[in-house]
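In what follows, a structure is listed as structure tokens, so that the remarks can point back to it.
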Amino acid sequence: MEYNYKDIESKWQRNWSERNTYRVSNQSEKPKFYVLDMFPYPSGAGLHVGHPLGYIASDIYSRYKRLKGFNVLHPMGFDSFGLPAEQYAIETGQHPSATTEKNIETFKKQLDKIGFCYDWEREVRTSNSDYYKWTQWIFLQLFNCWFNPVNKKAESINTLILLFETKGGHGAGKHEADQFSAEEWKLYSLAKQQEILMNYRLAFSAYGDVNWCEVLGTVLANDEVVNGVSERGGHPVIKKKMHQWYLRITDYADRLLDGLNTVDFSDSMKEMQRNWIGKSEGCEMIFSLTPATAGTPNPSPKGEGSEKTIKVYTTRPDTIFGVDFLVLAPEHELVNQITTEEQRKNIDDYLTYVKSRSDRERMSEVKQITGCFTGAYAENPFNGKQIPVWIAEYVLAGYGTGAIMAVPCGDQRDFLFAQHFNIPITNIIGEHFNGKEANSTKDATLHHSDFLDGLLMKDAIKVAIEKIEAEGLGKRKVNFKMRDAGFSRQRYWGEPFPIKWEDGVAIALNETQLPLELPHVEKYGPGPEGEGPLANIAEWKNQQLETSTMPGYAGSSWYFLRYMDPHNTTTFCDRKISDYWRQVDVYIGGTEHAVGHLLYSRLWTKVLYDLDLIGFDEPFKMLVNQGMIQGSSRFVYRIKGTQTFVSFGLKNKYEVDELHVDVNMVDGIDLDMEAFKKWKPDFTNADFILEEGKYHCGIEVEKMSKSKFNTVNPDDLVLKYGADTFRMYEMFLGPIEQSKPWDTKGIEGVHRFLRKLWRLFNDDLKGKDWNEEKANDAEFKVLHKTIKKIESDTEQFSFNTAVSAFMVCVNELGDLKCHKKEILEKLLILLTPYAPHISEELWYQLGNKESILDAAYPVFEEKYLVETNKEYPVSINGKVRTNINIDLSAQQPEVEQIVLGNEIVQKWLEGKAPKKIIFVKGKMVNVVI
RNA sequence: GCCCAUGUGGCGGAAUUGGUAGACGCAGCAGACUCAAAAUCUGCCAUUCGCAAGGGUGUGAAGGUUCGAUUCCUUUCGUGGGCACCA
């Protein structure tokens, strides 16, 4: 009887589904455990081999925890709103709801073939109105609350109104502008009151920049902008100010930082989030502008210019005497006012240039130094030095005050700027500055720095801030790099905002009006003036409903809660149920979500917690990052203007175009030329220039994507080798957290392993081959070594080494000719999380009536592994020269005697006495000569 | 540019807290079985010198700490991911 994975897998998948084996109850005597995958975006390309990597890992862990006696929640769903579906719809004329539905069906079918233990009754889809009803509902909670800086938590906006009514503007203690009294507040118009409240709401509306493409008449995602022009059509893209919704995530910056100390994420992940939040301590400082220097007319009439000030933010106030110029962000509101007439043309040209540049380009292309002098000068408040004021794209409006004081001797970007524009550099750090590059040390002693002279820079920071505050020139300030999160998209395929606009005031819909359903239209396109497609729909527009929709991360910020209670129609998730399941114990997904999704869902969780809607304020207790499976692309080289293809090694002799070719037509690097000819009509008559009789393709590792023809479909592999082989092979590829290019080559080895396992139970010819004999010590040793290894590897998500331990175990049992049920039965339980189908089948063959899914996990017993002796490696000066078998209980003197008596050691000693003998018990011996 | 990760045989990778580098698997080579093939089994498999015994070199590169470094430190190069409207 041979291993027939096809029959076995379909048999047990049917059996498990008929018996509802994977249904999870919200009530159980067992302790709970919640294992979650980052749910997929159901793209039209279907599942590729990269998707299941994390899913297999979480499935193994879930099954393992179940064997260990936990009530395990392990759900799956779909993040089904998003840009690609919308784009695809525009291109093909199909409605996104239809394509999304179809894609999800494909995904589910593919997932089921791999044998995951999902409870599909708990499936969620973010684009279903019974789901996004609650996304909208949570948005309303965000809209209707503010962050109280005193209590450091979200509270109802009514508590803020009450403060305004009783104490006026300082009640909230936040916005400097809100210096009104309680009486004034009461006299304000409704619109004015709402305008002020908008500065506090956690979900708020304000003006912000978007990528605007005039020709396409639409707002573009950064992804759709390539080198400053639109990806589709290559049209120019500029920044445009538009009304946008935001989430006030900056108010939670400190709590998001603190929360990192309570969760089990990798250090690098925490570091990335910390850097994103970017907390820095420094001070704001005011520079007053001086009337223009002689020879240039004063741009501001009636001496107004002298009253103008520039507020800069710096983390290094200690360098105040090294300031050689100020730089404003090109978008800074003062730019227009301070520019002198002579400089106006230059400045305008520069602003036009900057408008075409993305933030990314502005930050990354530092070698290309650009900037423009405004003609204005500011005064150093401490020594009266005249400082030119420039604008430059490397200063971003969104960070700090949008203005910096440049210290070329201490900051490399400032240094390059000064060098490029011939601005004289003041050295305040003596020999620490070599004139060739900036030195950002804090350990130098300050020179030419007046009251800071002779101080160490790191000590001077405090002194400088105190002086600045004492003289009223500025104040201590904590800044965050993080900005409030843009929350609206000018798109169709997303959650509509439950918001109406009445005379410029945003009015929240009543909860009873939810869900506010996305209107179904056959065709849609961008609305006027960059509005979303909803603006084209008369019945929508007439109701004055908000025309943008929510971004992709809205639905994914809270989906883990909905899985707990997916069918509830009265609340997003019953409090009793979320109190049972609580945090996600293990969350598995890619690092690409490190700062986006993970921060947003942490924010939403904290707000829901503050409002007492859930009982925990961090969503994910532990995070496991899976690496990305990359595609290994193959290329062919077509001689320009022909259908002749030249092999990789000869391509430099011709002028060629590089074309992606489907990896599935290439064996290693050898192209299947017949398959290639049939691939596309263009290639039917292709000619080839070969090397050594073969056509060699070029190789490059890239993201796995349909357009690069480097995707590998898991279905084909499951069909050819079975789900169990596929699962174990994906795990065997390498550490779960490491990125690696996909390569199908090694899958045979895993399949061979499963057949070898099968043959421990069944002989291909004779049939049943297992027996009920008593196992001996050697067999128990193999088993218990494996139990120990598998258990600890599984706990540590080291699945690749676990697979190899299974192989070692089966090899060793094969060598021992062990076919004993007593041993094999335990091995099957260890294996079932990894290869559930074959394990269940063999378990059944051993005569078990109950499913293996709930068997008791074998208990490791140390006694089988106890050793009395060890082959100690013996090194001479750190190089291993021999091994000596020594009793493990031996102590240093005894060991020294044995080692020095050894022939090989004697030879290396050449009669000399050793200087030192290092003995590490149970490890090694090193003789130092 | 900034942030994070990563670099070990022909290939994927292994190596508790610094303690025998290359487990396990793929590919390859040789052999057994077979009319033959598949399947299976046995052996070899970092590199270099050597008939062998044995020795030299070797974990991206260069330094350092240590009795001992793939592991720790410094510098440097390559690759992958993220950088706020892809999800």
Side-chain angles (χ1 to χ4, degrees), chain A residues 2 38-41 43 79 81-84 87 210-211 219-225 244 249 266-269 271-276 278 359-367 394 398 412-413 481-491 551-553 556 590-597 599 625 627-628 630 668 701-703 729 732-735 737-741 743-750 752-753 755-756 759 764 792 798 800-801 803-808 811 814 871-875 877-883 915-918 920 922-929:
Chain A
E2 280 183 50
M38 289 183 185
F39 62 167
Y41 175 82
S43 84
D79 189 11
F81 270 138
L83 187 58
Q87 289 302 356
V210 294
N211 299 315
V219 172
L220 297 174
N222 284 349
D223 235 35
E224 300 173 289
V225 182
Q244 298 276 86
I249 193 169
S266 68
D267 289 342
S268 59
M269 182 62 54
E271 194 60 23
M272 272 191 258
Q273 293 209 3
R274 286 196 192 102
N275 290 334
W276 178 268
D359 276 10
R360 181 89 51 86
E361 288 168 326
R362 286 172 57 173
M363 282 183 296
S364 61
E365 293 169 19
V366 289
K367 280 178 198 124
Y394 78 91
Q412 187 62 13
R413 278 180 310 185
K481 212 184 285 166
M482 179 168 68
R483 309 197 288 271
D484 284 325
F487 198 66
S488 45
R489 304 289 184 262
Q490 284 65 41
R491 308 279 176 194
Y553 67 82
S556 61
T591 41
E592 66 271 25
H593 299 285
V595 285
H597 160 64
L599 269 180
N625 285 121
M628 184 176 281
Q630 292 146 324
V701 173
E702 304 177 290
K703 239 182 191 172
Y729 181 58
F732 190 53
L733 277 178
E737 69 276 9
Q738 214 165 87
S739 290
K740 54 234 154 193
D743 187 354
T744 308
K745 247 175 26 193
I747 197 167
E748 294 278 356
V750 175
R752 252 170 237 159
F753 154 74
R755 284 207 304 262
K756 218 183 263 184
R759 287 198 302 272
D764 286 354
S792 78
S798 179
N800 57 327
T801 52
V803 173
S804 111
F806 280 122
M807 291 173 168
V808 171
N811 287 346
E871 282 282 318
Y872 276 95
V874 178
S875 318
N877 286 339
K879 277 200 190 305
V880 180
R881 297 300 177 184
T882 185
N883 288 303
K915 279 197 193 123
K916 201 175 180 186
I917 297 177
I918 289 147
V920 183
K923 294 273 188 200
M924 46 64 70
V925 184
N926 187 16
V927 181
V928 185
I929 304 174

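Below, all heavy atoms of this structure are taken into account, side chains as well, without hydrogens, waters or symmetry copies. Just so we're on the same page: letters track the sequence lines, and every chain starts at 1. On a predicted model such as this, the values are computed, not experimentally measured, just so you know.
At distances below 3.5 Å, at least one donor-acceptor pair connects side-chain atoms of Asp484(A) with backbone N or O atoms of Ile249(A).
Across all strands shown, U17(B) forms no Watson-Crick or G-U wobble pair with both key distances under 3.5 Å. Remark: U6(B) base-pairs with G78(B). Criterion, Watson-Crick or G-U wobble with two distances under 3.5 Å. Base-pair partner of G58(B): not found among the strands shown (Watson-Crick or G-U wobble, both distances under 3.5 Å). Using N1 to N3 plus N6-O4 or O6-N4 for Watson-Crick, or N1-O2 and O6-N3 for G-U wobble, each under 3.5 Å, A32(B) pairs with U40(B). Remark: C86(B) base-pairs with no nucleotide; criterion is Watson-Crick or G-U wobble with both hydrogen-bond distances under 3.5 Å.
Listed nucleotides: G56(B), G81(B), G12(B). Nearest to the side chain of Thr591(A): G81(B). Comparing A23(B), C4(B), U17(B) by their closest approach to the side chain of Met272(A) singles out C4(B). Closest to the side chain of Arg489(A), out of C11(B), G56(B), C85(B), is C85(B). Side chain of Lys916(A), nearest nucleotide from C85(B), C67(B), U40(B): C67(B). Across U57(B), A87(B), C67(B), the shortest atom-to-atom separation from the side chain of Tyr41(A) is found for A87(B). Of the candidates G25(B), C3(B), C85(B), G25(B) carries the atom nearest the Met807(A) side chain, counting heavy atoms from C-beta on. With A87(B), U20(B), C85(B) as the choices, the nucleotide that has an atom nearest any side-chain atom of Asn211(A) turns out to be C85(B). Of the candidates G25(B), G13(B), A87(B), A87(B) carries the atom nearest the Pro84(A) side chain, counting heavy atoms from C-beta on. Closest to the Gln490(A) side chain, of the nucleotides A5(B), C85(B), A84(B), is C85(B). Checked against A15(B), G19(B), C41(B), the side chain of Thr801(A) finds its nearest nucleotide in A15(B).
Between Gln87(A) and Arg491(A) there is a side-chain heavy-atom pair separated by less than 4.5 Å. For the pair Ile917(A)/Val928(A), no side-chain contact is recorded, criterion being any heavy-atom separation below 4.5 Å from C-beta on. Taking 4.5 Å as the limit, every side-chain heavy atom of Met807(A) sits out of range of all side-chain heavy atoms of Arg752(A). Side-chain atoms of Met482(A) and Trp276(A), non-hydrogen and from C-beta on, do get closer than 4.5 Å to each other. Counting only heavy atoms from C-beta outward, the side chains of Ser875(A) and Asn877(A) never approach each other to under 4.5 Å. The side-chain heavy atoms of Lys756(A) and Asn811(A), taken from C-beta on, include a pair separated by under 4.5 Å.
As judged by a 4.0 angstrom heavy-atom cut-off over every strand, Ser488(A) is placed among the base-contacting residues. Residue Gln244(A) is classed as a base contact, given a heavy-atom separation below 4.0 Å to a base. Here Lys740(A) lies in heavy-atom contact (under 4.0 Å) with sugar-phosphate atoms only. Nucleic acid contact for Val927(A): none, since no nucleic acid atom lies under 4.0 Å from a heavy atom of the residue. At the heavy-atom level, His593(A) lies under 4.0 Å from base atoms of the strands shown. Lys756(A) comes within 4.0 angstrom of sugar-phosphate atoms only, judged by non-hydrogen atoms across all strands, and of no base. Nucleic acid contact for Arg881(A): sugar-phosphate only, since backbone atoms but no base atoms lie under 4.0 Å from a heavy atom of the residue. Note on Glu592(A): a base of the nucleic acid sits closer than 4.0 angstrom, heavy atoms only. Within the nucleic acid shown, Asn926(A) comes within 4.0 Å of at least one base atom, counting heavy atoms only. Within the 4.0 angstrom heavy-atom criterion, base atoms lie near Arg491(A). Using a 4.0 Å heavy-atom distance criterion, Val210(A) is classed as a base contact. Residue contacts for Pro735(A): at a heavy-atom cut-off of 4.0 Å it reaches the sugar-phosphate backbone alone, with no base atom in range. Using a 4.0 Å heavy-atom cutoff across all strands shown, Leu733(A) reaches sugar-phosphate atoms only and no base atom. Met482(A) comes within 4.0 angstrom of a base, heavy atoms only.
Here the CE-CG distance, from Met272(A) to Asn625(A), works out to 7.0 Å after rounding to the nearest 0.5 Å. Taking CZ of Phe753(A) as the start and OG of Ser804(A) as the end, the distance is 10.0 Å to the nearest 0.5 Å.
An anti orientation is assigned to G12(B), its glycosidic angle lying beyond 90° of 0.
The same atom, C1', is picked in G18(B) and in G12(B); the two are 26 Å apart, to the nearest Å. Rounded to whole Å, the C1' atom of U70(B) lies 15 Å from the corresponding atom of U16(B). Distance check on atom C1': G82(B) versus C11(B) gives 29 Å, rounded to whole Å. Remark: the separation of the C1' atoms in U8(B) and G22(B) is 8 Å, to the nearest Å. G60(B) and G7(B): their C1' atoms are spaced 6 Å apart (whole Å). Distance noted for atom P between U65(B) and A84(B): 44 Å (whole Å). When the C1' atom is used for both C24(B) and A14(B), the distance is 8 Å, rounded to whole Å. Nucleotides A21(B) and U71(B) have their P atoms positioned 14 Å apart, rounded to a whole Å.
The base of C3(B) has none of its N or O atoms less than 3.5 Å from a complementary donor or acceptor on the side chain of Glu271(A).
Comparing Val595(A) and Ala485(A) by the nucleotide of RNA chain B whose heavy atom lies nearest to each, the residue mapping closer to the 5' end is Val595(A).
Atom pair Ile918(A):CD1 and G68(B):P shows a separation of 8 Å (rounding to whole Å applied). Atom pair Asn877(A):CG and U66(B):P shows a separation of 15 Å (rounding to whole Å applied).
Residue Asn811(A) has no polar side-chain atom (N or O) positioned under 4.0 Å from OP1 or OP2 of C24(B).
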Quiz item: Which parts of nucleotides 26-31 of chain B does protein reach within less than 4.0 Å, heavy atoms only, written one letter per nucleotide 5' to 3' as B for base, S for sugar-phosphate only and - for none?
Solution: SS----
Quiz item: Given the rule in the side-chain hydrogen bond (donor to acceptor under 3.5 Å, both in side chains) test, do Asn275(A) and Lys481(A) qualify, once you have shown the distances and angles that lead to the verdict?
Solution: CA-CA 8 Å; Asn275(A) 290 334; Lys481(A) 212 184 285 166; 5.9 Å; no
